[in-house]
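Every chain is numbered from 1, with letters handed out A, B, ... down the list of sequences.
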Number of protein chains: 2
Amino acid sequence: MGRSAEILQSHGLKKTGIRIKVIEMLDKMPYAVSQPELESHLSDEADRVTIYRTLNTLEEKGIVHKVIDREGLSRFAMCSSGCSEHKHHDEHLHFQCTRCSNIYCLSIPVEAQFNLPQGFEIHQMRIYVDGICKTCN
Amino acid sequence: MGRSAEILQSHGLKKTGIRIKVIEMLDKMPYAVSQPELESHLSDEADRVTIYRTLNTLEEKGIVHKVIDREGLSRFAMCSSGCSEHKHHDEHLHFQCTRCSNIYCLSIPVEAQFNLPQGFEIHQMRIYVDGICKTCN
DNA sequence: TTAAGTGCAAAATCTTTGCAAATGT
DNA sequence: ACATTTGCAAAGATTTTGCACTTAA
């Protein structure tokens with residue numbers, strides 16, 4: 001059984017053709033993929049609505065995570081280990097290239113320091129970096 | 001002449017009623033305001049389309065800046081000094097409350113350290129913090 | 001006076017929902 | 001067999017565009 005099928009099975013999801021193809025694509029891509037990108041790769045095999053539903057399901061189960069880009073559009077990437085159904089461990093750094101717009105989820109250690117004003121309580125931090133990616137550079 | 005009118009004049013924009021009202025509202029609010037919020041405050045005085053166009057114009061001129069929230073929706077806040085027509089100095093910290101969803105643009109010093117992989121070049125960093133704001137706490 | 005701004009209608013995107021048909025287990 | 005998933009159509013939500021009318025300078 002392939003890695004995609006294993007992932008689905010271990011999360012209690014049916015191993016359908018579309019889910020496997022979506023996971024395989026996200027697994028292969030070094031950056032977060034938008035729904036339109038997925039759609040154009042799967043256009044003859046899957047309906048747009050099914051792709052939306054697949055992505056939502058995979059996100060709910062902690063298999064992929066959604067990254068909102070600079071423009072407010074959703075992009076999806078495989079979760080690193082540490083995500084589960086109800087908690088996304090999503091403290092890595094998101095790098096969006098200003099040239100190709102691709103978002104790379106970089107698993108690098110980040111240290112950040114700041115003092116929130118009185119009364120503010122932090123739960124989670126998300127860091128976005130804009131710049132030029134290794135492919136465009 | 002009021003502060004809003006002065007801002008418009010100094011950026012070479014006509015001082016229209018709607019623009020003044022939008023700036024006054026953003027100026028008053030301690031957090032970033034969404035288009036729907038503005039719309040409900042101005043519904044009898046301005047068309048939805050005009051609000052969109054006003055916000056875009058003000059953003060282009062460096063008067064307000066747009067913050068994309070967790071859900072990918074746009075919210076707008078007055079720019080701190082340091083923004084100009086072509087460059088938004090937007091390195092402050094964005095705090096979004098998980099309870100009321102309001103986004104506070106906090107002008108506090110932030111120190112962040114990380115090493116990007118070879119070939120990645122940073123231009124700008126954006127930090128988003130999720131948690132509980134001072135009003136909900 | 002006249003270039004810019006506004007309102008209305010309509011379109012373009014992106015995303016979700018309802019329901020019947022198809023599919024995985 | 002049966003609950004889940006899929007496809008299609010339709011609706012929602014957000015944002016943009018076209019064009020005639022209005023307004024600030």
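- For the atom pair B/Ile7 CD1 and B/Leu58 CG, the distance stands at 9.0 Å (nearest 0.5 Å).
- Counting only distance, with no hydrogens or angles, the side chain of A/Gln96 and the backbone of A/Ile103 share no donor-acceptor pair below 3.5 Å.
- A/Val64 and A/Leu73 are not part of a single hydrophobic cluster, where members link through side-chain heavy atoms under 4.5 Å apart.
- For the helix from C/dT1-D/dA25 to C/dT25-D/dA1, the terminal axes (five pairs an end, C1' atoms, rotation from four pairs onto the next four) enclose an angle of 40°, given to 10 degrees.
- In this structure, the side chain to side chain contact (heavy atoms under 4.5 Å, CB included) partners of B/Lys15, at least two apart in sequence or on a different chain, are B/Met1, B/Ala5, B/Leu8, B/Gln9, B/Ile20.
- Counting heavy atoms from C-beta on, the side chains of B/Leu13 and B/Ile63 come closer than 4.5 Å.
- The side chain to side chain contact (heavy atoms under 4.5 Å, CB included) check on B/Ile68 picks up A/Ile68, B/Lys66, B/Ser74, with sequence neighbours excluded.
- Contacts between residues 41-52 of chain B and DNA chain D, counted as heavy-atom distances below 4.0 Å, involve B/Arg48, B/Val49, B/Tyr52.
- A single hydrophobic cluster is not seen to contain both B/Leu38 and B/Tyr52; linkage of ILVMFWY side chains at heavy-atom distances under 4.5 Å, directly or through other members, places them apart.
- Members clustered with B/Val49: none, using a 4.5 Å side-chain heavy-atom cutoff among hydrophobic residues.
- For B/Glu39, the salt bridge (charged side-chain N to carboxylate O under 4.0 Å, His left out) test picks out B/Arg48, with sequence neighbours left out.
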Sequence neighbours excluded and cut-off under 3.5 Å, please list the side-chain donor-acceptor pairs for residues 127-134 of chain A, or say none.
unit_1	atom_1	unit_2	atom_2	d
A/Asp130	OD1	A/Arg70	NH1	2.9
A/Asp130	OD1	B/Arg126	NH2	3.1
A/Asp130	OD2	B/Arg126	NE	3.0

Restricting to nitrogen or oxygen on both sides, can you table the protein-nucleotides 19-24 of chain D pairs closer than 3.5 Å?
none

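- Sorted by first then second residue, the side-chain hydrogen bond (donor to acceptor under 3.5 Å, both in side chains) pairs that include residues 21-33 of chain B, not counting sequence neighbours, are B/Arg3-B/Asp27, B/Lys21-B/Glu45.
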Could you pull out every donor-acceptor pair under 3.5 Å between side chains of residues 106-120 of chain B and any protein atom, sequence neighbours left out?
none

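- Once rounded to the nearest 0.5 Å, the distance linking CD of A/Glu121 with CZ of B/Phe95 reads 8.0 Å.
- Contacts between residues 68-78 of chain A and DNA chain D, defined by a heavy-atom separation under 4.0 Å, are absent.
- Residue A/Val33 forms a side-chain contact (heavy atoms from CB on, under 4.5 Å) with just one option from A/Met25, A/His41, A/Met78, A/Arg75, and that option is A/Met25.
- Separating the CG atom of A/Leu55 from the P atom of D/dT6 is a distance of 11 Å, rounded to the nearest angstrom.
- Atom CG of A/Asn56 and atom P of D/dT4 are 17 Å apart (whole Å).
- For DNA chain C, the contact window with chain B, defined by any atom under 4.0 Å from a protein heavy atom, covers C/dA3 to C/dA9 in 5' to 3' order.
- Expressed to the nearest 0.5 Å, how far CG of A/Asp69 lies from CG of A/Asn102 amounts to 10.5 Å.
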